[in-house]
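See below for the structure under consideration.
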Amino acid sequence: MQPPWFTRDKYRSDSNQHWRHGCPHEELRAGGFEWLQLLVHPEIWVYPGATMRETMHAMLDVKHEELLGYLAGDRIDLG
């Protein structure tokens, strides 16, 4: 994240459910970037929640059930 590969004007991140340096949607739609470094965290957009805490808890709930399913598939009884 140092020049010449990084400039704040060409960098967007959605960290903590907040776009750093502005949401890129309109500029992307308008073809406003010659190039763009984009950091996206898909789990923020896939799981429900109005806050980062709620979203991460929703993700953990799903992952918890998913992992329990793997254990059950291996016939591990957590009783």
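At a threshold of 4.5 Å between non-hydrogen side-chain atoms, the residues Leu38 and Phe33 do not count as touching. Between Trp45 and Val40 there is a side-chain heavy-atom pair separated by less than 4.5 Å. With a 4.5 Å cut-off on side-chain heavy atoms, Arg12 and Gln37 do not count as touching. Considering only heavy atoms from C-beta on, Met59 stays 4.5 Å or farther from Val46 through its side chain.
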Report all side-chain donor-acceptor pairs from residues 61-71 shorter than 3.5 Å, counting only partners two or more places apart or in another chain.
| unit_1 | atom_1 | unit_2 | atom_2 | d |
| --- | --- | --- | --- | --- |
| Glu66 | OE2 | Tyr70 | OH | 3.4 |

Worked check of side-chain hydrogen bond (donor to acceptor under 3.5 Å, both in side chains) between Glu43 and Thr55: CA-CA 8 Å; Glu43 63 278 3; Thr55 301; over 6 Å; no
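A donor-acceptor pair shorter than 3.5 Å can be found between the side chains of Arg8 and His21.
Here the shortest heavy-atom pairing between His41 and Ser13 reads CE1-OG, 4.1 Å. Considering every non-hydrogen atom in both Tyr11 and Leu36, the closest pair reads N-CD1, 4.1 Å. Nearest approach of Ala58 to Pro48, heavy atoms of both residues: CB-O, 3.4 Å.
Here the NE2 atom belonging to His25 is positioned 5.0 Å from the CH2 atom belonging to Trp19, to the nearest 0.5 angstrom. To the nearest 0.5 Å, atoms OG1 (Thr51) and CE (Met56) are separated by 9.5 Å.
Between Glu34 and Lys10 there is no salt bridge, since no side-chain N of the basic residue sits under 4.0 Å from a carboxylate O of the acidic one.
A donor-acceptor pair is defined here as one N or O able to donate and one able to accept, closer than 3.5 Å; no such pair exists between the side chain of Arg20 and the backbone of Asp14. With hydrogens and angles disregarded, no donor-acceptor distance shorter than 3.5 Å links the side chain of Arg53 to the backbone of Ala50.
By the salt bridge (charged side-chain N to carboxylate O under 4.0 Å, His left out) test, Arg29 is found to be paired with Glu26, residues two or more places apart in sequence or in another chain being considered. With sequence neighbours left out, Glu54 forms a salt bridge (charged side-chain N to carboxylate O under 4.0 Å, His left out) with no residue at all.
Connection of Leu60 to Ile44 is established within a shared hydrophobic cluster, with ILVMFWY side chains joined at heavy-atom distances below 4.5 Å, either directly or through further cluster members.
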